[in-house]
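Data block below; observations after.
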Amino acid sequence: MMADENNTENTPATTEEAKVETAAPAAAEAAPAAEEAPQQREGRGRGRGRGGERGEGRGRGRRDRDDRRGRGGDDDGEELIEKLVHINRVAKVVKGGKRFGFAALVVVGDGKGRVGFGHGKAREVPEAINKATAAAKKKMIRVPLKEGRTLHHDGKGHFGAGKVNVRSAPAGTGIIAGGPMRAVFESLGVADVVTKSIGTSNPYNMIRATFDALVNQTSPKSVAQRRGKKVADLLGRGGASEAEAEADAAAIAE
């Protein structure tokens, strides 16, 4: 009886000690794992952070390139004058009916001697205007201006059935032109000019005939360079004195 009582008394203690001894190695093994887990989570977090930064960097790079392209399309950020000349609705007949689209004619200029025109087609008006504007910016030409306000000399333009006459004018005359031709000269930066359209009133042909006349415009400076002379020598003809010719030559600006 005494032995049984001793065994009964010692059994719970022995069991508890065994549990403690068994739990100790398990806790020791779990501790490094618990210490490594935050590090792994932190490492994964840093990885995501670096990935996010790289992603943001790539996004900024694309935006910067897009901005540069946009500025390049607008001539390095220069403000341009855009004028909508004509919109034409066109229809395409298909099996189910008609599909309507729009064609836009746009004139673009910087108001300082550069101008261009373009046309675009799309199913919606804004998209057609955007296409026409982009095409006009790619085909801009430079026209020499006298005193920055008028043409150097008279000229004629011809395209198809469209014929136009353009003439230089004294200060205060204004832009005497109508329809599509007025849009061209306003975008070009001309303040005084007299024009006349002969023949068709089609805006496309009128614009092309006007540009044909502007392309043939020359300045005394370009003529003097081509002939190997001075501007004063060209302006001195017609009875003008040498001093007056030199003064006129100094006043000429393209």
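Quantities reported herein were computed from a predicted structural model and do not represent experimental measurements.
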Side chains of [X] and [Y]: does their closest heavy-atom pair fall under 4.5 Å?
X: Asn88; Y: His86; answer: yes
X: Ile207; Y: Leu105; answer: yes
X: Val215; Y: Ile141; answer: yes
X: Phe185; Y: Leu214; answer: yes
X: Val193; Y: Leu151; answer: yes
X: His153; Y: Thr218; answer: yes
X: Thr150; Y: Leu145; answer: no
X: Val164; Y: Ile198; answer: no

Taking [X] for its side chain and [Y] for its backbone only, find out whether a donor-acceptor pair lies under 3.5 Å.
X: Asp212; Y: His158; value: yes
X: His119; Y: Lys121; value: no
X: Asn130; Y: Pro126; value: yes
X: Asp192; Y: Ser168; value: no
X: Asn205; Y: Gly160; value: no
X: Arg99; Y: Lys92; value: no
X: Ser187; Y: Val184; value: no

Going from [atom1] on [X] to [atom2] on [Y], what distance comes out if it is rounded to the nearest 0.5 angstrom?
X: Ile129; Y: Glu82; atom1: CD1; atom2: CD; answer: 9.5 Å
X: Lys163; Y: Thr210; atom1: NZ; atom2: OG1; answer: 14.5 Å
X: Asp110; Y: Arg142; atom1: CG; atom2: CZ; answer: 6.5 Å
X: Thr195; Y: Met181; atom1: OG1; atom2: CE; answer: 3.5 Å
X: Gln217; Y: Lys146; atom1: CD; atom2: NZ; answer: 11.5 Å

Over all atoms of both residues, closest heavy-atom pair of [X] and [Y]:
X: Phe102; Y: Ala128; value: O-CB, 3.7 Å
X: Ala209; Y: Gly162; value: CB-O, 3.7 Å
X: Ala122; Y: Lys131; value: CB-NZ, 4.2 Å
X: Gly118; Y: Ala135; value: CA-CB, 4.1 Å

Under 4.5 Å between side-chain heavy atoms, chaining through other members, with only Ile, Leu, Val, Met, Phe, Trp and Tyr counted: pull out the rest of the cluster around Ile176, sorted by chain and number.
->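 Members besides Ile176, by chain and number: Val194.
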
Decide if atom NZ of Lys196 counts as having more than 12 heavy atoms of other residues, nucleotides or ligands within a radius under 6.0 Å.
->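 Check fails, neighbour count at 12 or below.
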
Exceeds 12 heavy-atom contacts within 6.0 angstrom, atom CZ of Arg149 |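 More than 12 within 6.0 Å, yes.
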
Examine [X] and [Y] and state if one hydrophobic cluster contains both, with Ile, Leu, Val, Met, Phe, Trp and Tyr joined whenever side-chain heavy atoms are less than 4.5 Å apart.
X: Val85; Y: Val166; answer: yes
X: Leu84; Y: Leu80; answer: yes
X: Ile87; Y: Val106; answer: yes

All salt bridge (Lys or Arg N to Asp or Glu O under 4.0 Å) counterparts of Lys83, not counting sequence neighbours =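 If we apply the salt bridge (Lys or Arg N to Asp or Glu O under 4.0 Å) test to Lys83, skipping adjacent residues, the hits are Glu186.
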
Kindly confirm or rule out a cation-pi arrangement of Arg89 over Phe100, judged by NZ or CZ under 6.0 Å from the six-membered ring centre and within 45° of its axis?
->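 That pair qualifies as a cation-pi contact.
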
Name all residues meeting the ring-ring contact (aromatic ring centres under 6.0 Å, His included) criterion together with Phe117; count only those two or more places apart in sequence or in a different chain, and write none if there are none.
->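 Phe117 satisfies ring-ring contact (aromatic ring centres under 6.0 Å, His included) with Phe211 only.
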
